[in-house]
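Remember, predicted model here, so these are calculated numbers, not experimental data.
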Amino acid sequence: MQALKRWDGLRLEVTCYCKKKDIPESDFRFLGIYEWQNVYGRLLKKFVDDEYASKHGIYWSNIEEGFRKDIDKIYSFVEGNENHASYEWIESLTEIVGCEKIYLFLEEDRQTAKYWVAECSPTIVHLIINDAIYPTDYYMTNKKFDWLITENHHDVVQFIGKGLDVDIIKKACEK
């Protein structure tokens, strides 16, 4: 428990949640100081407009049109409206992304541009998002940075990039 005392806020909350739910480090781990900077930088370079990134990083890029204009939007929807009433789409994340590990970027709070970066299994992301920290902005990508999935605090979910099957996404999101 000594290592936990170095952190507070969201990181501590998620770490304690994972311990309580017996989620192993092989399924969820926060990246170390030397790892997260590289991953965060690659995410910015791939998906966020250079000018926007230089001023804000990824912070609220999913609200303020901060994404690069040459990146395709695969699909988007608002959770809880009449066509997309389900908040459970994220439980189908494994089928949607088709990979064993992803990077998950969790916003510390709505007042700061601080993100915690984790490497995790898509099978447990719904627990972290819906059970441990909801509501907060988050972003996720595969380790090749082919696509980005994000949800903002207005319940707008966006899928951008390439390599995701829109039919699988629609099936999961339109339940």
Side-chain angles (χ1 to χ4, degrees), residues 10-11 14 28-79 84 87 89-126 128-130 132-173:
L10 182 109
R11 184 173 176 138
V14 172
F28 185 93
R29 74 172 182 91
F30 282 111
L31 299 184
I33 191 165
Y34 301 109
E35 294 175 287
W36 77 264
Q37 292 175 342
N38 179 46
V39 172
Y40 183 74
R42 288 183 64 195
L43 179 84
L44 292 178
K45 186 172 182 65
K46 178 69 180 200
F47 296 107
V48 182
D49 175 78
D50 289 341
E51 185 177 333
Y52 188 93
S54 69
K55 293 178 184 174
H56 309 287
I58 198 169
Y59 188 59
W60 283 6
S61 61
N62 57 6
I63 294 174
E64 298 179 352
E65 301 296 321
F67 295 131
R68 288 179 33 192
K69 305 304 180 240
D70 62 340
I71 301 286
D72 293 331
K73 185 177 283 189
I74 300 169
Y75 189 72
S76 66
F77 68 96
V78 178
E79 287 184 328
H84 298 89
Y87 288 85
W89 70 270
I90 201 165
E91 292 177 16
S92 300
L93 190 61
T94 301
E95 292 81 36
I96 292 170
V97 302
C99 58
E100 291 183 24
K101 296 287 182 185
I102 62 170
Y103 291 122
L104 178 63
F105 301 76
L106 301 172
E107 184 180 74
E108 177 64 37
D109 61 43
R110 294 185 193 166
Q111 307 304 315
T112 64
K114 183 175 184 176
Y115 285 85
W116 296 106
V117 183
E119 178 185 59
C120 60
S121 167
T123 60
I124 57 94
V125 170
H126 71 96
I128 304 300
I129 299 300
N130 290 338
I133 62 165
Y134 186 83
T136 192
D137 287 22
Y138 62 85
Y139 302 79
M140 62 182 101
T141 185
N142 66 342
K143 294 179 110 182
K144 294 180 181 180
F145 299 87
D146 294 321
W147 48 260
L148 181 72
I149 302 171
T150 180
E151 182 177 1
N152 64 38
H153 57 274
H154 297 292
D155 296 330
V156 176
V157 179
Q158 298 178 68
F159 299 79
I160 65 172
K162 62 181 179 180
L164 296 176
D165 185 323
V166 72
D167 292 329
I168 293 172
I169 295 168
K170 284 181 179 181
K171 183 179 177 186
C173 297

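Listed for the Glu119 side chain is no donor-acceptor partner under 3.5 Å among the backbone atoms of Leu31.
Partners of Lys162 by side-chain contact (heavy atoms from CB on, under 4.5 Å), not counting sequence neighbours, listed by chain and number: Asp146. For Lys45, the side-chain contact (heavy atoms from CB on, under 4.5 Å) criterion is met by no residue, not counting sequence neighbours. Evaluation of the side-chain contact (heavy atoms from CB on, under 4.5 Å) rule for Glu100 yields no partner, not counting sequence neighbours.
Heavy atoms only, all atoms of each residue included: Glu108 and Arg11 are closest at OE1-N, 4.1 Å. Listed here is the closest heavy atom pair of Pro122 and Thr94: C-OG1, 3.7 Å.
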Pair Phe28-Val14, side-chain contact (heavy atoms from CB on, under 4.5 Å): steps then yes or no: CA-CA 10 Å; Phe28 185 93; Val14 172; 3.6 Å; yes
Under the criterion side-chain contact (heavy atoms from CB on, under 4.5 Å), I'd like the reasoning laid out for Trp147 against Ile102: C-alpha separation, chi angles, the key distance, then a yes or no. CA-CA 11 Å; Trp147 48 260; Ile102 62 170; 3.9 Å; yes
Can you check side-chain contact (heavy atoms from CB on, under 4.5 Å) on Leu44 and Phe47, steps first, answer last? CA-CA 6 Å; Leu44 292 178; Phe47 296 107; over 6 Å; no
Given the rule in the side-chain contact (heavy atoms from CB on, under 4.5 Å) test, do Ile90 and Glu151 qualify, once you have shown the distances and angles that lead to the verdict? CA-CA 11 Å; Ile90 201 165; Glu151 182 177 1; 5.6 Å; no
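Of the options Thr150, Ile71, Ile149, a side chain to side chain contact (heavy atoms under 4.5 Å, CB included) to Ile160 is made by Ile71 and by none of the others.
Between Tyr75 and Phe77, the angle of the ring planes lies from 30° to 60°, which puts this pair in the tilted group.
Aromatic ring centres of Phe159 and Trp89: separated by under 6.0 Å.
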